[in-house]
Amino acid sequence: MRGFLHQTPAQSEEQLSDSRALHLIEAWLEQNFTSKPQIINSVKASQERVPYTTYNVRVEAVNGAGQVSSPWTTVQTLEASPSGLANFSVEKREHGRALLLQWAEPASPNGVIKMYNIFNEENLEFSGLARQFLFRRLESYTVYTLILEACTEAGCTRTAPQRVTTEEAAPTSQPAPMVQKVQSRSVELRWSPPAQPNGKILQYQVLAVSLEDGRVRSDEDDSMRAKIVFIQNNTQANSFSYNMSGLLPWSRYKFRVRVSNAAGYTDSPWLTVQTKQAPPRGLAPPVVSHVEGKPTEVFLAWTPPLEPNGVLLTYRIQRDNVGFHFSFDSSVFNYTNVDLTAYTLYSYAVIACTVAGCVTSEPTQIRTLEAAPANVEPPVVSDVTSYSLNASWTIPSIQNGEIVMYILKLNDEEVYRGKQLSAQIFDLHPHVTYTVVLMACTNGGCTASSPTSVLTRESLPSGMPAPTLKVTGPESVEVTWREPIHPNGVITGYELRRNESLIYTGMDTRYHDFTLLPSVAYSYTITANNSEGATTSPPTVARTQPSAPSGVVPPRLQALGPFSIMVQWEPPARPNGVIISYSLYKRDPAEPNVKRFIFASHHSAYEVRVEACTLLGCAASDWSSIQTLESPPAGQPAPLLELQTNPKGIQTVFLLSWSPPAEPNGKLLHYELYRKHVLDMESRSVTTLVYRNSSTSCHDDKLLPYTAYEYQVTPLFLISLRYFTILMPELTVTEKGTFGPVSMTGGVATANEGLSPGRFGPGEAVAVTGLVLFCHPATPPSARLRSDTSSRHFGSGTGFGWECEISRRQVGSSGEGDSCLRGGWCRVSVLSAGPFQSRCRYQIWPCSPWAQGRTGPAPPEGLSPPKFLHIHATSAVVDISPPTKPNGIVSLYRVFAQNKNSYQLLSEGTSHQQTLHGLRPFTVYSVGVEACTCFLCCGRGPLSELRTQASAPAQQPPPRLVALTSRSALVEWDMPLQPNGIIESCELHVRSSCPQPLQPVPVTCAVGPVEIKFFGMGQSFNITDLLPYANYELSVVTYNNMGSAVSDWVSITTLKEPPQYKEPFVVHSNLTTVFVDWSGSFFLNGPLREYSLTENNLRIYSGFHSSLHIPRTSDKTLAFQVTCTTDSGSASSPVIKYNTATGIDAVETSSGGKTGLYGAEYKFYTELWFIILMAFLGLLLLALLMGLVLRRALSKPPFIRERPPIVPLQRRSTKYPPNDTYLRPSSELCSNHASAALLQPDAPMFDNIPDSSCSITLKRFVMRTEVQALWDVFQNRLSPWPACTGMFCTFPHLVGLTDTKIGGTSTCTSNHSYQASMSVLRVPSQSQLSHAYSQNSLHRSVSQLIDTQDKKSLGGGAWDADLHGTDSGMVR
């Protein structure tokens, strides 16, 4: 379908013309012109069309009458640059070595694509119409920037740069590790990254294998046995190191480095390292044995050490820690040591030595053989008693072995066997002589001493038999006895005792005793005496004939309690026999019946009598009356104490509880609890009433900490309130009156007289100047007596330790009562002599035993500030005073330092003087003391100020790098963390370090000296005068008045610079080699990329080494120049010319100036293609030049000879005259074609030489027959033909014509100046040799010609002036 756009028809011809519209119908050929026509109002609208598109165009003319259209015309737009070009699709291949690049056509080609171009960093890599390209020869894991360009005839379009990273591959070219340091048991390895990492290095592994077994293995076997000993995951450094320890000394190991990335790994070559020698180890002690029959010799044997750790050099023997002055070879393992002392302890050790040191074995001790002892001294006898003696002796002066036993014989009877130096001999008989002999024995025999005699002392007699008694009547007994069985000395007398009374003394052995009583048993003993004492026989009893008793007195009665009565009686005044029984009878006064058994109730009246009986009859006493007492309570148990804590947590509260009395015996009113301090034995504590109530428990909280208390419970009953009164009878007291004891009976005191003053016991008392009242206990021992005025504590549960207070009243007056003394009796002072009456009132309280307890500890109080005895920089000695109130046993003292809100423990212990360690120098501390009596019972005292002394600073931080250039470094540092005083100055130390930055060829390195770059109080400094691309170490030293502190060394690496030329390189040679050394010619100032050496602008070497050996082929002048290239640029040395014959020529200044710096621009003339091109052009020009020269030479006519034939030569001494026709001007030599006429048979010599001024003059010879003969000689004797190079010819087989050349430099005034070397021999043609001459003359002429030319140097100058006028001898 076609549509048209029509405009409004024009009304006039002008309008018709204006209304013409150019209708452009866009119809693509592919669409078969189906597009809708468009009306284009102006031609410029065609600029909006699509490039390289076909359009059908026609013109329509429209007026009011209609329209007319032109035929369709096909129009195609021009091409344009493509658009819509997309990037590559990349496929990585060949393990990172290739990329398969594919791309699509541009979205809008805008023409016919003529070419696709691929650029890699502006380098054209591909050009063609294919839409894929396999980009090869790439580096693995490398970023490439690719650009795709599509071109039409109109132009090209490029894509944006596309960065593509190749695939990783396994690393390659991993260098073998290098040995940094070798020790006996460790090896320090160092390695660098691989030359081609081919990816991101993930890990380094160090593999090691031991070669200690000595077997030869292949590298494959070593790889199988190798173990990974170290893994390095930090792979960012430029070099790595590992110190492998735990190796065996003097052992061979192989190491390799395995480097890994994501694609794989590779191993470096093996590095074989042998550790150094070390002192041996595992040397066993020597085996030392006796030599049989030779006590003065021992045999030593030893074995090699378990770990030689190297090559064993010698063995040495050490005896008693002293080494022998000689040594043994490593193959000797035994030695016999002679001239020793018998039975002497020796210690032997073996020393094994290597180059690295020696080891000493553990010692072996041995004692030589024994012999019998000599010079045995007799024993010394001491401490002789009746039954024992002590024998002692000394060690024999010559033992000859170990004393195994001593044998002591007493009267040839062995009494001791052992090793002691003394013996106690018992079971001897008193007053007996003994012979003592000592024998000393070793394993080699025994030796006896001389005998010693000793007499034992006397002893008490023993074995005294009992005396024999014979009753001879009712009043007599006969006594006989014998001497002791063992007198143990001399008996000095006998003593006979009857009932312990001595009745006889003397030496007789019988005695008759009279005046005895009937029916009485008498006991007799006999005592025998000597100088040491006496012995008494067993008693022997005999009884006289019996009879009836008489004189029985009434018994004494005492009421002990409410249920018991104590009855006491005396034996009959005359028993007249053995009393076989006593019988007691009681009766109640209300009951007339008499009862034999005693039974009493409390507070009852009873009558008692006693009856005594013998075998012959009985006798009874009169009746005695008594009344029983009331019963107080009994059996009050002691209180139980339970320690409890107060609200502050201190154990100062007792919970006391008790039980009621076991026997109350009345009605309980209440309990009273008494407390007292437990003091020492000499002090008396005050008893305090702390509780009164009927309850059986209470709390006592008013106690002191860590104090011992005793508690007693007293129950109060009705009977306890009763007062017992003792009423004394009225007595008259005189100053010297003596009064017997007073007994208490029913509350009435009666005085009994008749006892004499002296020792008395319970129930007795004596007073001389006063009235004595005895208070006999009527209650259990533990009780309390209470007077009507006050009470006193008494009673400990045993004895009669009571106290009481009495009131006494003098007759007709009154007085105060005096205190009773302890001991159960009271002393009353009498105010005045005369009759008086005293009364004692008391109460009986039963009380419990004392229960003891101690309160718990509390925090100590009263601590003093600490005192400091010695103060140092880091320590101090503190003196601690004990607390005034310890409140317990102080178990720990702590010394602390108080900060703002914390406490620091400095020391703790139990001592009062403690040393504080770990203090900071030059620091003020607030120090206090804490004392503890238990875990939570600690108290602190006031603080004291402690200022420590100054010391050297410590912990100096290393310097920090702030800014870095190639020749300077700005560093700053901090003050030490511990100044320990006032910092006075700082120093900045700098030194060059090892290793230096990595270069392709390792260089030797030595740590440089330390330089002080800064001294003062600053904290930053700019270090200048540094070298570029160099490693330095920095350290800071700070000083105070006590010392200095040094920081750790910090490494820095200066930045890179372009290299610099330093000095000319060295060139020298010998007969075969030229040596060039430029090792000291440059400052690299960065990583080296290459050295290049050129000779006459031709590169002959490129690499990393700094020297080169060049083969020397001939003597010539060489022009050398060295260029150093680093990452930052390059530098070239001046051109140095070196003549192998004469040496160094002048140095040409390079365009680089004094420093020889060049940019890093591209030098095309060093490329191979340029050199080949120039060589080809040179050869082409040379061929053209030679062709022109040969053409010119061949076209010249031959010369006409103008001189006579040659005659035999004769040397002339005069110069040629100026008009000599045989001399031609020297200007004829200055022709550029001179060399072309040489060796041409028919060519004239030196023709067409331009007229110019030259410094060379040649003779012109016309040679005929002589030259012809010379030509014949050439043809016959020269084989092969002379070799010619350039303008030189050599005749190797012609005698006398060896290397005859003319060389040099001709300087002409014309425009032609050249340097040439030519032969002076001209070979004539065969036609010119028409005359015959002798062979000798020809040979002579040629020889003279050759000798003349050989003797003159023709290089670089004109011939001698003598030749201008001297005939050569060839023309006569």
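In this text, all values refer to a predicted model and were calculated from it rather than measured experimentally. These numbers come from the heavy atoms of this one structure, side chains and all, not from hydrogens, waters or symmetry mates.
At a threshold of 4.0 Å, the pair Lys200-Glu168 does not count as salt-bridged, since none of the basic side-chain nitrogens sits closer than that to a carboxylate oxygen. Looking at Glu1057 and Arg967, a side-chain N of the basic residue comes within less than 4.0 Å of a carboxylate O on the acidic one, giving a salt bridge. Between Arg960 and Asp974 there is a salt bridge, with a side-chain nitrogen of the basic residue lying less than 4.0 Å from a carboxylate oxygen of the acidic one. Using a 4.0 Å cut-off between charged nitrogen and carboxylate oxygen, Glu188 and Arg190 do not count as a salt-bridge pair. Ion pair Glu139/Arg97 flagged as a salt bridge, since at least one NZ, NE, NH1 or NH2 atom sits closer than 4.0 Å to an Asp/Glu carboxylate oxygen.
Counting heavy atoms from C-beta on, the side chains of Lys1056 and Asp1127 come closer than 4.5 Å. Taking 4.5 Å as the limit, some side-chain heavy atom of Leu1088 sits within range of a side-chain heavy atom of Cys1124. The shortest side-chain heavy-atom distance between Ile1136 and Phe1065 falls under the 4.5 Å cut-off. When side chains are defined from C-beta on, Phe119 does not count as touching Leu146, because their heavy atoms never get closer than 4.5 Å. Here the side chains of Phe88 and Leu99 are not in contact, with every heavy-atom distance at 4.5 Å or above. The closest side-chain heavy-atom distance from Asn117 to Phe126 is not below 4.5 Å. Here the side chains of Thr354 and Leu312 are in contact, with some heavy-atom distance below 4.5 Å.
No side-chain donor-acceptor contact under 3.5 Å links Lys1013 to the backbone of Glu987. Within the 3.5 Å criterion, the main-chain N or O of Leu1027 finds a donor-acceptor partner in the side chain of Tyr1032. No donor-acceptor distance shorter than 3.5 angstrom exists from the side chain of Glu149 to the backbone of Thr157, with no hydrogens or angles considered. Listed for the Arg158 side chain is no donor-acceptor partner under 3.5 Å among the backbone atoms of Ala150. Judged by distance alone, the side chain of Ser223 and the main-chain N or O of Asp221 form no donor-acceptor pair under 3.5 Å. With hydrogens and angles disregarded, a donor-acceptor distance shorter than 3.5 Å links the side chain of Ser1047 to the backbone of Val1036. Distance alone, capped at 3.5 Å, places no donor-acceptor pair between the Ser210 side chain and the Tyr253 backbone. A donor-acceptor pair is defined here as one N or O able to donate and one able to accept, closer than 3.5 Å; no such pair exists between the side chain of Gln956 and the backbone of Thr1038.
In this structure, a donor-acceptor pair under 3.5 Å is absent between the side chains of Ser993 and Asn1031. Under the 3.5 Å distance criterion, with hydrogens and angles disregarded, a donor-acceptor pair is assigned to the side chains of Tyr1138 and Ser1069. Using modelled atom types and a 3.5 Å distance limit, the side chains of Ser1106 and Ser1079 yield no donor-acceptor pair. Counting only N and O atoms by type, the side chains of Ser1081 and Glu1063 include no donor and acceptor under 3.5 Å apart.
What you find for Ser992 and Val1007 is that their closest heavy atoms are O-CG1, 3.5 Å. When all heavy atoms of Pro959 and Asp1048 are compared, the pair lying nearest together is CD-O, 4.4 Å. Scanning both residues, Leu134 and Arg93, for their nearest heavy atoms gives CD1-CD, 4.2 Å.
Taken to the nearest 0.5 Å, the CG atom of Asp222 stands 12.0 Å off from the CZ atom of Phe255. Taking CG of Leu1093 as the start and OH of Tyr1091 as the end, the distance is 12.0 Å to the nearest 0.5 Å. Atom CD1 of Ile1052 sits about 6.0 Å away from atom CG of Leu1026, to the nearest 0.5 Å. Put simply, OG on Ser1051 and CG on Leu961 are 11.5 Å apart, with the number rounded to the nearest 0.5 Å. Interatomic distance, Arg991 CZ to Ile1012 CD1, rounded to the nearest 0.5 Å: 13.5 Å. Atom CD of Gln174 is separated from atom OH of Tyr204 by 6.0 Å, given to the nearest 0.5 angstrom.
More than 12 heavy atoms of other residues, nucleotides or ligands shown are found within 6.0 angstrom of CG on Asn233. Other residues, nucleotides and ligands place more than 12 heavy atoms under 6.0 Å from the NE2 atom of His989. Counting non-hydrogen atoms of neighbouring residues, nucleotides and ligands closer than 6.0 angstrom, the NE2 atom of His1068 exceeds 12 such neighbours. Shown here is Arg258, whose CZ atom has more than 12 heavy atoms of other residues, nucleotides or ligands within 6.0 Å. Crowding of Tyr1101 atom OH: a count of heavy atoms from other residues, nucleotides or ligands under 6.0 Å exceeding 12.
The aromatic ring centroids of Tyr1061 and Trp1078 lie 6.0 Å or more from each other.
For the side chain to side chain contact (heavy atoms under 4.5 Å, CB included) criterion with Phe1120, the lone passing option out of Thr1094, Asn1096, Ile1100 is Ile1100.
The side-chain tip of Arg256 points at the ring of Trp270 from less than 6.0 angstrom away and within 45° of straight on.
Ring geometry, Trp191 versus Phe230: the interplanar angle exceeds 60°, so the pair is classed perpendicular (tilted spans 30 to 60°).
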CA sep, side-chain torsions, deciding dist, call: Glu94, Arg136, salt bridge (charged side-chain N to carboxylate O under 4.0 Å, His left out) = CA-CA 9 Å; Glu94 298 181 8; Arg136 296 177 179 270; 2.6 Å; yes
